[in-house]
Amino acid sequence: MCDISENTPYNFSVIEQKWQEFWLKNNSFVTDLSGKKPKYYVLEMFMYPSGKVHIGHVRNYTIGDIIARFKRASGYAVLHPVGWDAFGLPAENAALAHGEHPKKWTYKNIAAMKEQIRALGFSYDWSREFATCDEKYYAFQQKLFLAMHKRGFIYRKNSEVNWDPVDSCVLANEQVIDGKGWRSGAMVEKKMLPQWFIKITNFKKELLSALDGLEGWPEKVRVMQSNWIGKSEGCSIKFSGDSGDDILVFTTRPETLFGASFVAISPHHDLAEKLATKNPSVAKFLEEFKKGSISEEIMEKQEKLGVNTGITVNHPFLPTKLPVYVANFVLKEYGTGAIFGTPAHDERDYDFATKYGLPISQVIDLPGNGGNDTPDGGSLLYTGIDGSMVNSDFLNGMSVLDARNAIIEKLCNIGIGSREEFYKLRDWGVSRQRYWGCPIPMVHCPKCGVVALEEKNLPVLLPEDVSFEKTGNPLDHHITWKHTVCPLCGAAATRETDTLDTFVDSSWYFLRFCINDSESDDLLSAEDIKQWMPVDQYIGGIEHAILHLLYARFFTRALSTCEFIDVQEPFENLFTQGMVCNVTYRRENGEWLFPEQVRRRESGDFELLETGEPVIVGRLEKMSKSKKNVVDPDVIISNYGADALRLFVISDTPPEKDFPWSDEGLEGCWRFVNRLWRLFVFMQNCGVEAQKCAIDFNLEQLPANVGELYKNFHGFIKKITDALENRHLNKVVAFGREMVNAVYGCLDDVKGYRNVFSIIIRDLIKLMAPVVPHICEEAWSMLGFTGLVSSGDWPVYDQQYLIVSTINLPIQVNGKLRGSIDVDVDDPEEVVFEKALGLQSVQNIVAGKVIKDKIFVRGRIVNFVV
RNA sequence: GCGGACGUGGUGGAAUUGGUAGACACGUCAGAUUUAGGUUCUGAUGGUUAACACUGUGGGGGUUCGAGUCCCUCCGUCCGCACCA
C-alpha cells in the first residue's frame, strides 16, 4: 500500500472549493480584536472593478496573502482587508456603449470579480469590504473635503482642460488619442475652466524631507517622488529695467552672474503680454508660440526660439545693459518665469546665444586650466562646478561654491536678491467634469458666490436618474439635482457639478479599513486608526510610485492637520511587484496574434497556423488584451487549481521583478502540487498522524539519514522563515521544493519512524500553507490535526540542530580549488592542514615546492600558496 | 541630456555578502514503469575533452592568499525624469 507512485489523483477543484467555503462560512480570517497580539496591517492596492481579474492582480494579491498568512501564523493580529476603487471613467464609457447605468455596471463587476478573487483562497477579512462608490464612503469623503476647505487646503482657479469642440465636452487625458477626441475624432483644444484644487504644496517640504525616513520603501520610489517634488535651492535677483519694467529672475547658479549676456522671460510671463501690445514682433512671436504649443509632443522637441523685445535691463554689478528676450524654453510655471542667460555655463543658454549671436563670456576656469583658455578644446561651454571664478570682479579666485555664497550675500545686502527654494510640485487639480465620481459639496449662489455646504447639508448623493444621451456631464443637464439653496442666504443656488478625481477616493481608503464597527458612521474613528495605522506592508505596482502614493501621503498629513487622525506617514513598508509578461506574436504587417494562432516550425521559427506565413516573435511584454498575450486566471484555476497558480506567480522570479509567464512553468507547479499530495497520501497510508507528534525519540539512535533529515528540517524552517521575512518568495518556493525532495529521499524509513515523520510532516504543512493553503488545509485535517493550519502557529527551529559538527571543507592551492576533505569543525588548524596536504590532487601541485603561506578560515576554506 | 537599476548555463534564477559558481525549477537527454501517449520514479545536463585537465559570472585593468561579489574603465540592456534655469 505504501507506494509513492501509486495513482492518487488530487481533486483540486473539489478540495479548493470546500476550503474556500469553509473559511468564508466560519469567518476564518476575520480580524483579531482581542488586543493580545501585536498588530500587523497588510494591504494590497485595491482593485478597480473593470469586470475581470487579470494575472497581474493575482500576483499582487498572492504576495499580500502569503505575507498575511505568514504573519498571522507568526503571532500577529493581522488586518488584511479587501475593497474596490469603484468610481471612474470606464463605468461611464460602459453606459455610453451599452446603455447600462454606471452604478449597476460597477456593482455587477464587483460581484463578478469577488467570485474570481474568492476562487484564489485569499485570507481576507470580508466583513470590512466596501467600494468607494458606496454612499457612506463618499458622503464621508465630502465631510473630509469640507474640513480641508475650512483649513484652507481647497481653492478654485482657472485651469486648462481638454475640450472636444464637436461633442462640446471635457475629455480626460486618456480620452485624447493623438491629439484627437476618442469619439468625435476632432482636434482637441485647450480651454480654461474654473476648477477645484487641493494645496498639496502646503506640505511640499514635509513630503520631501520625510522620504528619508521611509526606509521600508524601495529607493527607486523615493527617488522618483523626490524628483517629482523637485526642490531646487537658489536665488532670485531683481534686474532693474530702463523702461521701469523690473524683471525678477530665479537661478541656481548666481555665481555665474558676471557671465550673463541676456535676460529671457517666458511667453506666458505678464511682461510678455504687456510688451506684445506695443511691439508687433513680440505679439507675432506669442501668437506663433500659442499655435505651436497645443501639442505637447511638439513642445518636447522644439528648438530654442526667442524674440528680442527691444527693452534692456541693467546688470546689478556691471555697467552693462542686457537685452531682454521672450524665449520659448523659459517655463512660466517654474521659478519666476524669467532667467538670466549665461551661455558659457549653461547648455540651453549656450544654444540660445549661439543662435542669436549673443556674447559668450567665461567666468569659471577649470581646475588646472591655468588661465583663460577655453576649456575642453574650443567649446566655451562648461556646466560643472569645479574650478575657480574668473572675470568676475569680487568673486575672482573663489571656488564656485564660495562664490555662490558670497554673491548671494552681496545681493541680499544691497536688497536686490534673496535666497529662494523652488519646487516643481504643483497643486492637485481634483475637478472632473464627470458623473461617476464623488460630488463636490459646493454651491454657486448668485449673491454669495461659491459657497461651501455645511456638514448638516451632507451627503450630496449622486442622482440615479441620469441620461447619457447628451454629451458632457449628465449632472449638468439633470432637471432637478443641480438646483438647491444657498446655505448662507437661502436664495436659489446651483450645485457644483464637477466630481472629485478618483485619486481622492484612494487617498484615504486604507484608513477606512481600520474601522472595526462596519455599521458606524464615523469612518475615521481615531481609536481604531490608532490601533492599526500605519500600514505595515503595502503592496502594489510601481506605476503608482508618484501619484497615488504621494496623494495618500499628503492626505494622511492633511487629515492629521484637520485633527481627524494622528499619523503622518501611511505606509511603513512598501513593496512594488513586477509586471506579469508574456511573449507576443505578430504578423509581418504588425497585427498581433494569439498564441493559439501560431505554430512552431521544425527550424525553430514560428508560422501562422492558418496560412503558414512567418510570424515575428516579439519580446516579453506586459500582458494586455491589445497585444493578445493575456491569460485568463479563471481558465488557469479550472485547469490547474488556485494553489498551482498561486505557487507559479511567485516561483522562480523575485517578486519585485517582471515575471515571464510560461505554460511549462505553470505545469511544473501543478506537478509539484500533485507531488505534495502524493506525499501526504503516502504518509497517511504509512500511519503518520497528529497523535504521533511527540519527541519521544533520541536523535542519536535514529538511522543516519533519518536523523540527518530531522536536523535538516530545522534548517529548512529557518531558511523559509528568513526568506518570507525578506520577501524572497521565489526562494520560499525553492526551499520548499528542496524540503519535499529531502523527505522523498527517506520514504523507506517512514513506517519505522512514524513519530519523527509525523513531526516533519506537521511542520512541512505549516511551512507550505501560506503559499498553497488549500492542499495544506486538506492535509492538515486528513492527518488528524485539530483546528485549521491557517490559524495555527508557525514552526520554530531549534538552534542546536543548525550547528554542524562535520563539514566538507574545500581545499585550494593558489586560490584554485583542488579538492575537499571531511573535517570536524573543531579540528585544530594543523590537523586540517595535514589532512589537506594528504590529498593527491594537492600533492600533484605542491610536491617539491615551498609552501609560502597557508590560509585557514575555520568552516570555510583552506588555501596553500606556493 | 540628467538620474537610477542591472548584466551569471538553452531559459527563469541561487550563491550564507570576499571563501567549493550554477541551489531550486523550466527545457533537453537517458533508464525504469506503462499496450501506447501522458503521469510517475531514478539519473545526467555551463563550455571544450575519450580522459586527465583546461576554461567559465558583458569586455579590459586593478586590489587580495582568494573576486559573480570590492575599486577603475569601457560596452550593453531596462526604468524614471526631461528645456526645472
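Chain naming here is simple, since letters A, B, ... match the order of the sequence lines and numbering starts at 1 in each. The model shown is predicted, which means the values in this text are computed figures rather than measured ones.
Of the C1' atoms belonging to B/U28 and B/U77, the separation is 28 Å, rounded to the nearest Å. B/U8 sits 10 Å from B/A14 when the C1' atoms are compared, rounded to a whole Å. Atom C1' of B/U40 sits at a distance of 10 Å from the matching atom of B/U34, rounded to the whole Å. B/G13 and B/G18 have their C1' atoms separated by 22 Å, with the value rounded to a whole Å. Nucleotides B/G3 and B/C72, compared at atom P, are 15 Å apart to the nearest Å. Rounded to whole Å, the separation between the P atoms of B/G9 and B/G60 comes to 15 Å. Spacing between B/U63 and B/G68 at atom P, rounded to whole Å, works out to 16 Å. One C1' atom belongs to B/U69, the other to B/A32, and the distance between them is 43 Å to the nearest Å.
Nucleotide B/G22 forms no Watson-Crick or G-U wobble pair with any nucleotide shown, as no partner meets the under 3.5 Å limit on both distances. Taking a pair to require two hydrogen-bonding distances under 3.5 Å in either a Watson-Crick or a G-U wobble arrangement, B/G68 remains unpaired. Nucleotide B/A15: unpaired (no Watson-Crick or G-U wobble partner with both distances less than 3.5 Å). Applying the Watson-Crick and G-U wobble criteria (two distances, each under 3.5 Å), B/C6 pairs with B/G76. When both distances must be under 3.5 Å, the Watson-Crick or G-U wobble mate of B/A36 does not exist. B/U28 is paired with B/A44 under the Watson-Crick or G-U wobble criterion, all donor-acceptor distances under 3.5 Å. Taking a pair to require two hydrogen-bonding distances under 3.5 Å in either a Watson-Crick or a G-U wobble arrangement, B/C81 pairs with B/G1.
Closest to the side chain of A/K816, from the set B/U55, B/U20, B/C41, is B/U55. Of all nucleotides listed (B/C26, B/A14, B/A25), B/C26 comes nearest to the side chain of A/R671. Closest to the side chain of A/P810, from the set B/G13, B/G66, B/U20, is B/U20. Listed candidates were B/U20, B/C81, B/A85. Nearest to the side chain of A/K424 is B/C81. Comparing atom distances between the A/E664 side chain and each of B/G27, B/A85, B/A25 picks out B/G27 as nearest. Nearest nucleotide to the side chain of A/M224, out of B/G13, B/G80, B/C83: B/G80. Of the candidates B/C83, B/C41, B/C24, B/C24 carries the atom nearest the A/D652 side chain, counting heavy atoms from C-beta on.
A/S651 comes within contact range of no nucleotide atom at all, as no heavy-atom separation falls under 4.0 Å. Heavy atoms of A/V865 sit under 4.0 angstrom from primed sugar atoms or phosphate atoms, though from no base atom. Using a 4.0 Å heavy-atom criterion, one finds that A/K731 contacts the sugar-phosphate atoms exclusively. A/R818 comes within 4.0 angstrom of sugar-phosphate atoms only, judged by non-hydrogen atoms across all strands, and of no base. Contacts of A/T653 with the nucleic acid, taken as non-hydrogen atoms under 4.0 Å apart, involve only primed sugar atoms and P, OP1 or OP2. Within 4.0 Å (heavy atoms only), A/V249 reaches no atom of the nucleic acid at all. Across all strands, A/N741 comes closer than 4.0 Å only to sugar-phosphate atoms, never to a base (heavy-atom distances). Across all strands shown, A/K854 has no heavy atoms under 4.0 Å from either base or sugar-phosphate atoms. Residue contacts for A/Q812: at a heavy-atom cut-off of 4.0 Å it reaches a base atom on one of the strands shown. Nucleic acid contact for A/K852: none, since no nucleic acid atom lies under 4.0 Å from a heavy atom of the residue. Among the heavy atoms of the strands lying under 4.0 Å from A/R860 is at least one base atom, whether or not backbone atoms are also near. Using a 4.0 Å heavy-atom cutoff across all strands shown, A/G230 reaches no nucleic acid atom at all.
The residue among A/K657 and A/V862 whose nearest nucleotide of RNA chain B lies closer to the 5′ end is A/K657. Between A/G859 and A/E333, the residue whose closest nucleotide on RNA chain B is further toward the 5' end is A/G859.
Aromatic ring pairs are classed by plane angle as parallel below 30°, tilted from 30° to 60° and perpendicular above 60°; the pair A/Y325 and A/F352 is perpendicular. Ring geometry for A/H315 against A/F239 counts as perpendicular: the plane angle is over 60°, on a 0 to 90° scale with 30° as the lower cut.
The ring pair (Phe, Tyr, Trp, His ring centres under 6.0 Å) with A/F648 is formed by just one residue from the set A/F659, A/Y640, A/W670; it is A/F659.
Taking atom NZ of A/K220 as the reference point, atom P of B/G80 lies 7 Å away to the nearest angstrom. Rounded to a whole Å, the CG atom of A/L817 is 11 Å from the P atom of B/C54. Remark: P of B/G3 and CH2 of A/W228 are 20 Å apart, rounded to the nearest angstrom. For the pair A/L839 CG and B/U20 P, the interatomic distance rounds to 16 Å; values are reported in whole Å. We find that CD1 of A/I229 is positioned 19 Å from P of B/G80, with the value rounded to whole Å. One interatomic measurement links the two molecules: CG of A/N730 to P of B/U11, which rounds to 18 Å at whole-angstrom precision. When the P atom of B/C26 is taken as reference, atom CG of A/L647 falls 11 Å away, rounded to whole Å. Atom P of nucleotide B/G22 and atom CD of A/E738 are separated by 13 Å, given to the nearest angstrom.
Annotation: side chain of A/K355 is in contact with side chain of A/L305 (closest heavy-atom distance under 4.5 Å). Between A/M739 and A/F713, some side-chain heavy-atom pair lies under the 4.5 Å cut-off.
For A/F864 and A/F833, the distance between ring centers is under 6.0 angstrom.
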* To do: Kindly indicate, with the supporting measurements, whether the criterion side-chain hydrogen bond (donor to acceptor under 3.5 Å, both in side chains) is fulfilled by A/T201 and A/D427.
  => CA-CA 6 Å; A/T201 53; A/D427 278 335; 2.6 Å; yes
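Under a cutoff of 6.0 Å and an axis angle of 45°, A/R675 and A/Y744 form a cation-pi pair.
In this structure, B/G56 shows a glycosidic angle more than 90 degrees from zero, which is the anti conformation. The glycosidic torsion of B/U16 lies more than 90° away from 0, which places this base in the anti conformation.
A side-chain donor-acceptor contact under 3.5 Å links A/N808 and A/S820.
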